[in-house]
Amino acid sequence: MKFILTGFMATGKTTVARHLARRLQWRLIECDAEISARAGKPIHQIFRESGEAHFRELERSLIAEITADRRLCPQCGRPRPAIIATGGGALVDPQNYAALRGCGLIICLTASPDVIARRVTGSVKVRPMLSHRGAPIKQRIGELMESRREAYARASLTVDTSDRTVDQVVDAILDATAKGYPTIAHPTEGI
Ligand code: S3P
């Protein structure tokens, strides 16, 4: 089993993914961190130097690689479990969606535009999808969220993180999915 955490920027994907991975003792794959490590530069620098289209190619190719991994866990004999945190725009791409849906359960984290605006205060400069367009930040969040509404609605489970602590979000996910996922410790190294 793999849990795929997706959703708009600043909904808590990375933090929740880390906590979930620790709780379940599953591997953690953070797509943006992996893209950034491979490129040797932060995401916002990839956007600035090579543009969004190039970033989306790197994202698509990484997701294709991760989702094609059909190796089995030597301990339980099932597909290696993992928590995969995607970047906020990944699910919009139909190829990414199909690949991710085929390898695990897609969980979308949400938050209200006001909460998101508050959470991104201070980090707008390193969020190219919010900083590039010149529009006021709340307007930009609203527009982008609206344009992605259908993409996010395809997730199997949606958890609103606006008024929940990280532990409450993790509990909500585990409560909703507490059927048949392996809870023994698995090797956690490598992607
Ligand atoms: C993006 C979200 C970012 C990152 C990139 C594009 C988006 O990830 O992938 O800046 O299109 O929403 P986070 O959602 O983790 O901030």
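Each ligand, and each atom within it, is numbered from 1 in the order the structure gives.
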Trainee: Atoms of ligand 1 less than 4.0 Å from Pro128 heavy atoms?
Mentor: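 Contacts of ligand 1 toward Pro128, numbered from 1: 10 (O).
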Trainee: Taking distance alone, with N or O pairs closer than 3.5 Å, would you say Thr14 contacts ligand 1?
Mentor: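 In this structure, Thr14 places no N or O atom under 3.5 Å from an N or O of ligand 1.
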Trainee: Should the ring pair Tyr152 and Phe8 be called parallel, tilted or perpendicular, given that the plane angle runs from 0 to 90° and is split at 30 and 60?
Mentor: perpendicular
Trainee: Can you confirm whether Glu49 is buried at CD, in the sense that more than 12 heavy atoms of other residues, nucleotides or ligands lie under 6.0 Å from that atom?
Mentor: yes
Trainee: Test your reading of the model: is there a side-chain donor-acceptor pair from Ser112 to the backbone of Val115, 3.5 Å cut-off?
Mentor: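 Checked: pair present.
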Trainee: Test Cys103 against every option in Ile66, Asp69, Thr67 by the side-chain contact (heavy atoms from CB on, under 4.5 Å) rule and name the one that passes.
Mentor: Thr67
Trainee: If only atom types and distance count, is the side chain of Lys13 paired as donor or acceptor with the main-chain N or O of Gly7 below 3.5 Å?
Mentor: yes
Trainee: Report yes if some N/O of Lys13 lies less than 3.5 Å from some N/O of ligand 1; otherwise report no.
Mentor: yes
Trainee: At less than 4.0 angstrom from any non-hydrogen atom of Gly87, what atoms of ligand 1 do you find?
Mentor: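 It comes down to these atoms of ligand 1: 8 (O), 9 (O), 14 (O).
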Trainee: Identify the closest protein heavy atom to atom 3 (C) of ligand 1: which residue and atom is it, and at what distance?
Mentor: Asp32 OD2, 3.5 Å
Trainee: When you look for heavy atoms under 4.0 Å from ligand 1, do you find them on the side chain of Arg127, its backbone, both, or neither?
Mentor: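 Answer for Arg127: side chain.
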Trainee: Do any N/O atoms on Gly88 end up under 3.5 angstrom from N/O atoms on ligand 1?
Mentor: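 There is such a contact, yes.
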Trainee: Do any nitrogen or oxygen atoms of Thr86 come within less than 3.5 Å of a nitrogen or oxygen of ligand 1?
Mentor: no
Trainee: Report yes or no: does Arg154 contribute a side-chain atom to a donor-acceptor pair with the main-chain N or O of Leu91 at less than 3.5 Å?
Mentor: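 Such a contact is found between Arg154 side chain and Leu91 backbone.
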Trainee: Between Lys2 (side chain only) and Arg80 (backbone N and O only), is there a donor and an acceptor less than 3.5 Å apart?
Mentor: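 Answer holds: yes.
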Trainee: What part of Met9, side chain from CB on, backbone N/CA/C/O, both or neither, has a heavy atom under 4.0 Å from ligand 1?
Mentor: both
Trainee: If you measure from each non-hydrogen atom of Arg148 to ligand 1, which part falls under 4.0 Å: side chain, backbone, both or neither?
Mentor: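 Under 4.0 Å from ligand 1, Arg148 contributes side-chain atoms alone.
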Trainee: For the pair Glu59 and Arg56, find out whether any cationic side-chain nitrogen is under 4.0 Å from an anionic carboxylate oxygen.
Mentor: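 Salt bridge present between Glu59 and Arg56.
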Trainee: Taking 4.0 Å as the limit for heavy-atom contacts, which would you say applies to Arg56 with ligand 1: side chain only, backbone only, both, or neither?
Mentor: side chain
